[in-house]
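In what follows, a structure is listed as structure tokens, so that the remarks can point back to it.
Hydrogens, waters and symmetry mates are skipped; everything else that's a heavy atom, side chains included, is used. As the structure lists them, so they are numbered: ligands from 1, and atoms in each ligand from 1.
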Amino acid sequence: MPMLEGKTGIVLGVANKRSIAWAIAQALAREGMRLAFTYQGDRLKESVTELASTLENTSLILPCDVTSDAEIDAVFRSVDEQFGRLDVLVHSVAFAPREDLENDFVKTSREGFKLAHDISAYSLVALTRAALPLFEKNGSGSVLALTYHGAVKAVEGYNLMGVAKASLEASVRYLAANLGPKNVRVNAVSAGPVNTLAARGIKGFTTMLHHHAEKAPLRRNVELEEVANAALFLASPMSSGITGEVLYVDCGYNIVGL
Ligand code: NAP
């Protein structure tokens, strides 16, 4: 029997077929999970609907700009009405204004800083809070976020997004500590660079890819499926003893000193 038969999840952050969120959704669906997807603005509705239609289990597709509390509330109301339960929340959303990524870090704008943190870090707290009543109904829940090594090391070109990811990783730990007594686990996957829409916003991304492949112990870049399989592990009961963790899936890059 598939590992996640009878379970339901919600995935935020599918933009197209290269999105990490889409690879994770496919892994969860492969194991029998029924999924809800969200999209930001009508621009992405068609693409998300088309991808979701390729999955076996009927999916729910809802609008959600994570800066809107009203949209977040509406999403979880619909999930409750349609699914009646929720087991997994996948947060695969990030944004920083291009000029704040490209400029010298010291020039980061106040507005850009706020927006990047709102979308890329605070949203994890807001979404987890909205999902909590559904998790409590089940007696358990698993929340998963996507992060990058630029949260803990200064990575050229990653700038403001690195600071937002540091906040996201700290939020993972505080949420895990807060919600552990309710049997809700909160973890993150720290993925090596993958060529996606968001990644192309990072100046010098191609150089970053080459550098990782050269220096990582496995001497290559990580595959989307490898990130998705680690996410599947953290989302599933296979990882029932793990919470507040940041699991690197980067071909070992982060362990290397020189
Ligand atoms: P992606 O396909 O571009 O996904 C990013 C998603 O965030 C898009 O669906 C985007 O929608 C969404 N988003 C941005 N602002 C939003 C908002 N206000 N409300 C709702 N959704 C919003 O890129 P990805 O690389 O798969 O990124 C997924 C996650 O993985 C991110 O957290 C990223 O930082 C992380 N990550 C990526 C890499 C990498 O190398 N690619 C490595 C480590 C971690 P729009 O397109 O409409 O903006």
Side-chain angles (χ1 to χ4, degrees), residues 10-26 37-48 51-52 61-72 75 90-98 101 112 114-124 126-127 143-153 155 157-169 171-172 188-213 216 221-228 230-231 246-251 253-254:
I10 181 162
V11 179
L12 293 98
V14 176
N16 56 41
K17 66 176 190 320
R18 285 168 183 242
S19 295
I20 294 175
W22 177 238
I24 295 173
Q26 287 174 290
F37 292 92
T38 65
Y39 58 89
Q40 187 213 178
D42 281 341
R43 189 171 49 87
L44 287 182
K45 184 177 181 180
E46 205 177 312
S47 153
V48 175
L51 287 171
I61 296 156
L62 303 159
C64 186
D65 179 334
V66 297
T67 60
S68 160
D69 287 326
E71 285 193 21
I72 290 176
V75 162
V90 178
H91 176 287
S92 187
V93 166
F95 177 81
R98 183 173 281 269
L101 288 173
K114 277 191 200 162
L115 188 61
H117 282 73
D118 188 5
I119 296 178
S120 315
Y122 178 72
S123 60
L124 182 73
L127 288 161
V143 177
L144 184 79
L146 271 298
T147 185
Y148 174 64
H149 194 44
V152 292
K153 297 285 174 189
V155 173
Y158 205 61
N159 296 339
L160 173 56
M161 190 50 77
V163 184
K165 289 299 191 195
S167 170
L168 178 76
E169 291 186 10
S171 301
V172 164
V189 166
S190 184
V194 183
N195 199 354
T196 63
L197 207 60
R200 272 179 249 135
I202 308 294
K203 199 164 129 193
F205 179 73
T206 312
T207 313
M208 196 191 257
L209 271 179
H210 289 145
H211 177 79
H212 268 254
N221 285 120
V222 74
E223 302 283 341
L224 264 178
E225 292 68 27
E226 294 172 319
V227 177
V246 176
L247 175 63
Y248 275 85
V249 185
D250 65 346
C251 297
Y253 179 87
N254 75 94

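Residues P97 and L115 approach most closely at CG-CD2, 4.5 Å, considering heavy atoms. When every heavy atom of Y158 is checked against every heavy atom of G150, the shortest pair comes out as CD2-CA, 3.7 Å. Minimum interatomic distance between I61 and A52 (heavy atoms only, all atoms of both residues): CD1-CB, 3.7 Å.
The atoms of ligand 1 that sit less than 4.0 Å from any heavy atom of T147 are 43 (C), 44 (C). Of all the atoms in ligand 1, the ones that sit under 4.0 Å from a non-hydrogen atom of Y148 are 43 (C). Atoms of ligand 1 found under 4.0 Å from any heavy atom of L44, numbered from 1 in the order shown, are 11 (O), 45 (P), 46 (O), 47 (O). Those atoms of ligand 1 that come under 4.0 Å of a heavy atom in G13, given as number and element, are 4 (O), 6 (C), 8 (C), 9 (O). The A199 neighbourhood of ligand 1 comprises atoms 41 (N), with distances under 4.0 Å to a heavy atom of that residue.
Checking side-chain atoms of T147 against main-chain N and O of S190 turns up no donor-acceptor pair under 3.5 Å. Looking at K165, its side chain does come within 3.5 Å of a backbone N or O of L146 through a donor-acceptor pair. One N or O on the side chain of S47 and one on the backbone of A15 form a donor-acceptor pair closer than 3.5 Å. Between the S19 side chain and the W22 main chain, no donor and acceptor come within less than 3.5 Å of each other. With hydrogens and angles disregarded, no donor-acceptor distance shorter than 3.5 Å links the side chain of D65 to the backbone of Q40.
The salt bridge (charged side-chain N to carboxylate O under 4.0 Å, His left out) search around R98 returns E102, not counting sequence neighbours.
Scanning all protein heavy atoms for the shortest distance to atom 48 (O) of ligand 1 gives Q40 NE2, 3.3 Å. For atom 14 (C) of ligand 1, the nearest protein heavy atom (residue, atom name, distance) is A94 O, 3.6 Å. Counting protein heavy atoms only, atom 20 (C) of ligand 1 is closest to C64 O, 3.4 Å. In terms of protein heavy-atom proximity, atom 18 (N) of ligand 1 is nearest to D65 OD1, 2.9 Å. Looking at atom 13 (N) of ligand 1, its nearest protein heavy atom turns out to be V93 CG1, 3.7 Å. Summary of contacts: the protein heavy atom closest to atom 25 (O) of ligand 1 is T196 OG1, 2.5 Å. Distance from atom 30 (O) of ligand 1 to its nearest protein heavy atom, with residue and atom name: L146 CB, 3.4 Å. Taking atom 34 (O) of ligand 1 as the reference point, the nearest protein heavy-atom neighbour is K165 NZ, 2.8 Å.
For ligand 1, the polar-atom distance check against P193 finds no nitrogen or oxygen pair separated by under 3.5 Å. The N/O atoms of V194, backbone and side chain alike, include one that comes under 3.5 Å of an N/O atom in ligand 1. Annotation: A198 places an N or O atom under 3.5 Å from an N or O atom of ligand 1; distance criterion only. An N or O contact shorter than 3.5 Å links R43 to ligand 1 by distance. Residue-to-ligand polar distances place V66 within reach of ligand 1: an N/O pair is separated by less than 3.5 Å.
Contact annotation for V14 and ligand 1: only backbone heavy atoms (N, CA, C, O) come within less than 4.0 Å of the ligand.
You'll find the side chain of V194 stays beyond 4.5 Å of the side chain of N221, heavy atoms only. Put simply, the side chain of C64 does not reach to within 4.5 Å of the side chain of Y39, judged on heavy atoms. Looking at V66 and H91, their side chains never come closer than 4.5 Å, going by heavy atoms from C-beta outward.
Taking a 4.0 Å cut-off on heavy atoms, G192 registers as neighbouring ligand 1. Contact annotation: H149 has no heavy atom less than 4.0 Å from any atom of ligand 1.
For H211 and Y253, the side-chain atoms include at least one donor-acceptor pair closer than 3.5 Å.
Proximity of atom 22 (C) of ligand 1 to the protein is indicated by at least one non-hydrogen atom lying closer than 4.0 angstrom.
The residue among A15, S19, S92 with a heavy atom at the shortest distance from atom 6 (C) of ligand 1 is S92.
Ring planes of Y148 and H212: tilted class, angle from 30 to 60°.
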